[in-house]
Colleague: 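Below you will find the structure I want to go over with you.
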Amino acid sequence: MTSTGVWLIGARGNVATTAIAGARALARGETDTTGLVTAREPYSRLALPDVGEFVFGGHDIREQSLLESARDLSENGVPSPEIVDTVAEDLRHIDRRIETGTALNCGAAVDDLASQGSLDERLPVGEVVDRIRDDYRAFRREHDLDRVVVVNVASTEPPLEEPDRYDTLDAFERAIAGNDRDLPASALYAYAAIVDGHPYVNFTPSTGSALGGLRELANDRDVPHTGRDAKTGETLVKSALAPMFGGRNLHVRSWEGHNVLGNDDGQVLEDEANKAGKLASKGGVLDSILPDIEHNRVRIDYTPSLGDWKTAWDYVHFEGFLNTEMKMQFTWEGSDSALAAPLVLDLVRLLAHADERGEGGLQRHLASFFKAPIGVDEHDLSRQFALLDAYVDRHSMEAAVE
C-alpha cells in the first residue's frame with residue numbers, strides 16, 4: 001500500500017486543524033465519513049488512499065499549537081471536546097512536524113498573525129524557496145512517503161498585481177533569482193511543490209499555481225495541481241440555484257449576498273486588500289451562469305462573536321412571465337471549518353490518485369470543488385459534477401478491462 005503525506009500551508013489554522021482532527025477521528029473510529037465527497041458513489045469506486053493513513057505536516061507562522069487551535073475551535077462545538085480529547089496525542093505528535101513558513105505579500109492582516117515571525121523577514125526569495133523545498137523533502141524522507149500532497153489552506157492574500165509578468169516559467173524563475181519581493185507566498189509554496197514533483201492544491205483565493213509560469217512547470221514536470229478558492233457555503237448554493245433561474249428563463253434582476261463570519265479568516269478579510277480576492281471569486285460565479293443579471297453584489301463582514309460559524313443571507317429579485325416581479329430569500333448557516341475540512345481530504349485523495357497514475361497538469365474534473373476553478377469556465381454545479389462523474393467512469397472502464 002502506498003503512503004501519502006499531506007503538507008498543509010496554514011497548518012494551525014481552523015480548516016487545517018479540523019481536517020487533521022477529523023482524519024484522526026476517522027482513523028480511530030470516532031466519526032463517520034459524512035461530508036466526504038469521495039466516500040459516496042460513484043466516487044468511492046476509485047482506488048483512493050485511506051484518509052486514516054494520511055501522515056500530516058505543514059507550515060505556519062503562528063506559535064499556537066495544533067492542540068490549542070483544536071481546543072479553541074471546540075468551544076464553538078466543532079470539533080467536539082470529546083473528539084479533541086480522543087485525538088489530542090495525535091495532534092501533539094503532528095505539531096512537531098510543523099515548520100515556520102513565509103507570509104511574503106500576504107498583507108498586514110496576516111502579518112499580525114505571525115507570532116513567531118516568518119521565513120521572508122531577512123532572506124532572499126530564492127533562499128525562502130530553497131528552505132520550503134527542504135522542508136517538503138525532509139518530511140517525505142523522514143516518513144518514507146510515496147508522495148506528498150501540498151495543500152494551501154492559509155489565509156487569503158491580496159490579489160497579485162500584474163500576474164501576467166509571470167506568465168512563463170522562465171519569467172517566474174528569473175523573478176526568484178532576482179529577489180522579486182512582489183512574489184506572493186502562495187506562489188512560492190506552489191513552485192516549491194511542483195518543481196520537486198509534489199501535487200499541489202490551492203484551497204484559497206490566493207494566487208497559488210494559477211500563474212502561467214507555474215501551470216507551464218506543472219505540465220513540464222507532469223505534476224497534478226488544482227484550485228482555486230474552495231466552494232463550501234453560500235457560493236455552493238448559488239452554483240446550484242442560479243442554473244434553475246437560467247433554465248426556466250426567469251430573468252434575475254438583482255442578487256444580493258451578505259456574509260458574516262468570525263474566526264481568523266473573517267478577521268483577515270476585514271482588510272480591504274485581502275477581501276478583494278475573495279469577493280472576485282464569489283461574485284464571478286453568478287456572472288458566468290447568468291450573463292444577463294442586472295445587479296450582483298457580495299458583502300463580507302467580520303463578526304467576532306460568531307467564532308468558526310458563518311451566516312449568509314441572499315436576496316434574489318427576479319422577473320417572470322407578464323413582467324411579474326418576484327423574489328426569493330434564503331439563509332445559509334454553517335461551521336466554516338466543518339464544511340471545508342472534508343473537501344481538503346477529498347482533494348488530497350483525488351490528487352494522490354492522479355499522481356499515482358501519471359495524470360499530471362491541471363485537474364479540470366475537480367472544478368466542482370472551487371469557486372474559481374483554474375482552466376474551467378463552467379460554474380453550473382451539476383455540470384461540474386458531470387466532469388468528475390466522467391473521470392470516475394473512465395477509470396471504472398479501465399479497471400474492468402484490466
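The structure presented is a predicted model; accordingly, all values stated were derived computationally and were not measured.
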Colleague: For the side chain of Asn202 and the backbone of Thr204, is there at least one donor-acceptor N/O pair under 3.5 Å apart?
Modeller: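 Between the backbone of Thr204 and the side chain of Asn202 there is a qualifying donor-acceptor contact (under 3.5 Å).
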Colleague: Whether the Gln329 and Trp313 side chains hold a donor-acceptor pair (N or O, under 3.5 Å, no angle test) is what I'd like checked.
Modeller: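 There is such a pair between these side chains.
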Colleague: Do the side-chain N and O atoms of Arg97 and His93 include a donor-acceptor pair separated by under 3.5 angstrom?
Modeller: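 There is such a pair between these side chains.
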Colleague: Any side-chain donor-acceptor pair under 3.5 Å between Tyr43 and Asp346?
Modeller: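 No, no side-chain donor-acceptor contact under 3.5 Å.
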Colleague: From the options Leu347, Leu36, Val37, Thr232, select the one residue that forms a side-chain contact (heavy atoms from CB on, under 4.5 Å) with Pro342.
Modeller: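 That would be Leu36.
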Colleague: If only side-chain N and O atoms count, and only distance matters, is there a donor-acceptor pair under 3.5 Å linking Glu294 with His251?
Modeller: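 Yes, side-chain donor-acceptor contact under 3.5 Å.
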Colleague: Spell out, as yes or no, whether a donor-acceptor pair under 3.5 Å connects the side chain of Ser239 to the backbone of Leu236.
Modeller: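 Looks like yes, one N/O pair under 3.5 Å.
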Colleague: Strictly below 4.0 Å, N to O, side chains only: are Arg28 and Asp90 in salt-bridge contact?
Modeller: yes
Colleague: Could you go through Glu30 and Val87, starting from their C-alpha distance and side-chain angles, then the distance that decides it, and tell me whether this counts as side chain to side chain contact (heavy atoms under 4.5 Å, CB included)?
Modeller: CA-CA 9 Å; Glu30 296 295 326; Val87 302; over 6 Å; no
Colleague: Using modelled atom types and a 3.5 Å cut-off, is there a donor and acceptor pairing between side-chain atoms of Arg24 and backbone atoms of Gly52?
Modeller: yes
Colleague: Evaluate whether atom CZ of Arg248 has more than 12 neighbouring non-hydrogen atoms of other residues, nucleotides or ligands under 6.0 angstrom away.
Modeller: no
Colleague: Any side-chain heavy-atom pair from Leu67 and Val84 closer than 4.5 angstrom?
Modeller: yes
Colleague: In terms of side-chain geometry, is the basic nitrogen of Glu75 or Arg71 positioned less than 4.0 Å from the acidic oxygen of its partner?
Modeller: no
Colleague: In the structure I gave you, are the side-chain heavy atoms of Tyr166 and Thr207 within less than 4.5 Å of one another anywhere?
Modeller: no
Colleague: Should Arg131 and Asp134 count as an ion pair when the cut-off is N to O under 4.0 Å?
Modeller: no
Colleague: Side chain to side chain contact (heavy atoms under 4.5 Å, CB included), that's the test. Do Asp146 and Thr4 meet it? Break it down for me.
Modeller: CA-CA 6 Å; Asp146 291 291; Thr4 302; over 6 Å; no
Colleague: Are the side chain of Asp314 and the backbone N or O of Phe330 linked by a donor-acceptor pair below 3.5 Å?
Modeller: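 Looks like no, no N/O pair under 3.5 Å.
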Colleague: Using the side-chain contact (heavy atoms from CB on, under 4.5 Å) rule, pick out the option among Arg141, His198, Glu99 that qualifies with Tyr136.
Modeller: His198
Colleague: Please tell me if the side chains of Pro373 and His379 come closer than 4.5 Å, counting only heavy atoms from C-beta onward.
Modeller: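 Heavy-atom side-chain distance check passes, below 4.5 Å.
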Colleague: Is there a donor-acceptor pair closer than 3.5 Å between any side-chain N or O of Glu127 and the backbone N or O of Pro124?
Modeller: no
Colleague: Going by atom types only, do His395 and Glu359 share a side-chain donor-acceptor pair under 3.5 Å?
Modeller: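 Side-chain D/A pair, His395 to Glu359: present.
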Colleague: Start with the C-alpha distance between Leu8 and Val344, add both sets of side-chain angles, then the distance that settles side chain to side chain contact (heavy atoms under 4.5 Å, CB included), and finish with yes or no.
Modeller: CA-CA 10 Å; Leu8 297 164; Val344 171; 4.1 Å; yes
Colleague: Kindly indicate whether the side chain of Glu256, heavy atoms from C-beta on, has any atom under 4.5 Å from the side chain of His317.
Modeller: no
Colleague: In Å and rounded to the nearest 0.5 Å, what is the NE2 to OG1 distance from His258 to Thr331?
Modeller: 12.0 Å
Colleague: At what distance, to the nearest 0.5 angstrom, does CG of Leu306 lie from OG of Ser335?
Modeller: 11.5 Å
Colleague: Considering only heavy atoms from C-beta outward, does the side chain of Ile98 approach that of Phe56 to under 4.5 Å?
Modeller: no
Colleague: Quick check: are there more than 12 heavy atoms from other residues, nucleotides or ligands sitting under 6.0 Å from CZ of Arg133?
Modeller: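 Enclosed: over 12 neighbouring heavy atoms sit under 6.0 Å from CZ of Arg133.
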Colleague: Between Ser69 and Asn14, is any pair of side-chain heavy atoms under 4.5 Å apart?
Modeller: no
Colleague: Do His225 and Leu362 come within less than 4.5 Å of each other through their side chains, counting heavy atoms only?
Modeller: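 They are in contact (side-chain heavy atoms under 4.5 Å apart), so the answer is yes.
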Colleague: Is a side-chain donor or acceptor of Tyr315 paired with a backbone partner of Ser254 at a separation under 3.5 angstrom?
Modeller: no
Colleague: If we ignore hydrogens and angles and just use 3.5 Å, is the side chain of Lys371 paired with the main-chain N or O of Ala230 as donor and acceptor?
Modeller: yes
Colleague: One pair to check against side chain to side chain contact (heavy atoms under 4.5 Å, CB included): Tyr191 and Glu173. What are the steps and the verdict?
Modeller: CA-CA 9 Å; Tyr191 174 80; Glu173 291 186 330; 2.7 Å; yes
Colleague: Any chance the side chains of Asp308 and Ser337 put a donor and an acceptor closer than 3.5 Å?
Modeller: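 Yes.
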Colleague: Between Arg357 and His353, do the side chains contain a donor N or O and an acceptor N or O under 3.5 Å apart?
Modeller: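 Judged by distance alone, the side chains do pair up.
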Colleague: Is there a side-chain contact between Val316 and Phe245 in this structure, where contact means two heavy atoms from C-beta onward sitting under 4.5 Å apart?
Modeller: yes
Colleague: Side chains of Asp32 and Thr34: donor-acceptor distance under 3.5 Å anywhere?
Modeller: yes
Colleague: What's the spacing between Glu216 CD and Asp167 CG if we round to 0.5 Å?
Modeller: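 Answer for the CD-CG pair, Glu216 versus Asp167, is 9.5 Å.
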Colleague: Is it true that Arg12 and Asp95 have a side-chain N and a carboxylate O under 4.0 angstrom from each other?
Modeller: yes
Colleague: I need the Leu345 CG to Leu26 CG distance, nearest 0.5 Å.
Modeller: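 Separation between the atoms: 7.5 Å.
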Colleague: Is the number of heavy atoms from other residues, nucleotides or ligands under 6.0 Å of Glu161 CD greater than 12?
Modeller: no
